[in-house]
Amino acid sequence: MPELPEVETVRRGLAPVFEGATFTRVDQRRADLRLPFPQDFAKRLIGRRVLKLRRRAKYLIAELDDGEALVMHLGMSGSFRIDKGASLANTHIAKGQNPAHDHVVFHFDNGASVTYNDPRRFGCMLLLHSNEIEKHPLFEGLGIEPLGNEMNAQKLADELHGRKTSLKAALLDQGNIAGLGNIYVCEALHRAGLSPFRAAGSVVDVSGKPMPTLERLARAIKDVLREAIEAGGSSLRDHRQTDGSLGYFQHNFRVYDREGEPCPTKDCKGVVARKMQNGRSTFYCPVCQK
DNA sequence: CTGTGTTCCTGTTCGC
DNA sequence: TGCGAACAGGAACACA
């Protein structure tokens with residue numbers, strides 16, 4: 001499921017349960033996901049209090065009171081389910097969650113429990129010293145936060161300048177901008193009127209003058225992410241938020257999963273097309289995306 | 001170094 | 001209806 005807006009939605013859902021709570025029990029039901037669980041995973045969490053739950057790119061990071069941090073990534077199919085205390089007897093399995101894929105259950109002193117479910121097991125969980133996160137191999141190559149202060153046309157120019165790969169591949173590369181995935185790259189490129197197939201470097205104006213194209217792209221990326229977060233993320237294939245509710249940004253997709261529909265750009269007569277690009281579907285309008 | 005293709009895994013959808 | 005193929009929101013890794 002999760003690109004930046006979905007991970008941020010999950011963070012907002014989990015924060016009230018995690019922050020200030022202490023782990024009383026951790027059920028780890030298998031040895032690994034995409035990566036092995038840390039040694040003594042449960043033992044190292046029990047008794048620790050969560051100071052803060054934050055997000056970097058598509059990672060959730062729970063800062064603990066002993067200076068360690070629980071780092072979690074949802075991969076392609078990971079999701080969390082919150083079961084509030086006292087009503088444990090009434091716990092229901094959220095639609096679409098096969099209990100066979102409940103890999104971790106966190107129990108807290110506030111009576112709540114949080115279950116991590118991940119059928120494809122592309123997610124991962126790590127325990128890192130808080131001050132070493134940025135130096136960890138999974139983090140050190142990450143690019144800028146697209147909703148952060150450093151995100152602007154000039155920064156995009158720096159990242160894309162001279163790149164021969166496609167614009168879409170460059171935007172998907174977490175080393176340039178961290179947090180975009182297939183959906184929001186398609187959506188941002190459509191909003192910016194840029195073809196996913198053109199060379200990434202071709203959007204950089206070598207004159208060094210103001211770069212209206214990149215201004216548009218930066219704007220489009222920020223807008224689509226903000227709007228998606230506001231909508232609670234996107235729910236494809238019935239994916240749920242932590243409280244079991246559905247995000248609804250998928251209804252606002254302009255091109256993603258809309259092959260054959262008319263291009264929503266004003267006065268554009270194009271039809272949304274789908275092409276495979278680097279092994280993934282690209283949805284775009286061949287008419288208004290140049 | 002850069003860019004591309006493969007791979008990890010299960011589940012759902014689509015075409016015959 | 002059944003059945004195999006294609007495809008799915010990520011990203012590390014191998015290789016040209």
Provide the Watson-Crick or G-U wobble partner of C:dC7, both distances under 3.5 Å; none if there is no partner.
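By the stated definition (distances under 3.5 Å), B:dG11 pairs with C:dC7.
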
Could you tell me the separation between the [atom1] atom of [X] and the [atom2] atom of [N], rounded to a whole number of Å?
X: A:Asp32; N: B:dT7; atom1: CG; atom2: C1'; answer: 15 Å
X: A:Leu142; N: C:dG10; atom1: CG; atom2: C1'; answer: 12 Å
X: A:Asp257; N: B:dT12; atom1: CG; atom2: P; answer: 16 Å
X: A:Asn278; N: B:dT6; atom1: CG; atom2: P; answer: 11 Å
X: A:Leu35; N: B:dC8; atom1: CG; atom2: P; answer: 15 Å
X: A:Glu259; N: C:dA8; atom1: CD; atom2: P; answer: 11 Å
X: A:His73; N: B:dC9; atom1: NE2; atom2: C1'; answer: 16 Å
X: A:Glu140; N: C:dA12; atom1: CD; atom2: P; answer: 11 Å

Tell me which one of A:Asp27, A:Val114, A:Val26, A:Thr22 satisfies side-chain contact (heavy atoms from CB on, under 4.5 Å) with A:His107.
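For A:His107, the side-chain contact (heavy atoms from CB on, under 4.5 Å) test succeeds with only one of A:Asp27, A:Val114, A:Val26, A:Thr22, which is A:Asp27.
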
Pairing of A:Lys155 and A:Glu150 as salt bridge, 4.0 angstrom limit:
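Salt bridge absent between A:Lys155 and A:Glu150.
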
Say we look at [N] and [M]: how far apart would their [atom1] atoms be, to the nearest angstrom?
N: C:dA6; M: B:dT6; atom1: P; answer: 14 Å
N: B:dC14; M: C:dG9; atom1: P; answer: 15 Å
N: B:dC9; M: C:dA14; atom1: P; answer: 16 Å

NE2 (A:His136) with more than 12 external heavy atoms under 6.0 Å
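Above 12, so yes.
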
Is the number of heavy atoms from other residues, nucleotides or ligands under 6.0 Å of A:Asn131 CG greater than 12?
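Atom CG in A:Asn131 is crowded, with more than 12 foreign heavy atoms closer than 6.0 Å.
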
Is the shortest side-chain N/O distance from A:Arg280 to OP1 or OP2 of C:dG9 below 4.0 Å?
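Yes.
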
For C:dA8, does OP1 or OP2 lie under 4.0 Å from any side-chain N or O of A:Ser281?
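Yes, such a contact exists.
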
Proximal nucleotide (of [options]) relative to the [X] side chain:
X: A:Thr165; options: B:dG3, C:dG9, B:dC8; result: B:dG3
X: A:Arg274; options: C:dC7, C:dG9, B:dG11; result: C:dC7
X: A:His101; options: B:dG11, C:dG9, C:dA8; result: B:dG11
X: A:Lys58; options: B:dG3, C:dA11, C:dG9; result: C:dA11
X: A:Gln174; options: C:dA11, C:dG10, C:dA8; result: C:dA11

Tell me whether A:Phe122 is stacked on the nucleobase of C:dA11, counting only the six-membered base ring and applying the 5.5 Å and 30° thresholds.
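Aromatic stack with C:dA11 absent for A:Phe122.
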
Is it true that a side-chain atom of A:Asn110 and a backbone atom of A:Val17 form a donor plus acceptor pair closer than 3.5 Å?
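It does hold such a pair.
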
When all nucleic acid strands are considered with a 4.0 Å heavy-atom cut-off, which category describes [X]: base, sugar-phosphate, or nothing?
X: A:Arg121; value: sugar-phosphate
X: A:Leu138; value: sugar-phosphate
X: A:Gly181; value: sugar-phosphate

Side-chain donor/acceptor contact of A:Arg34 with base of C:dA12 under 3.5 Å
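Answer is no: no donor-acceptor pair is held.
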
Honestly, is A:Lys275 close enough over A:Phe197, meaning NZ or CZ under 6.0 Å from the six-membered ring centre and within 45° of the axis?
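Judged by the rule (NZ or CZ under 6.0 Å from the ring centre, within 45° of its axis), A:Lys275 counts as positioned above A:Phe197.
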
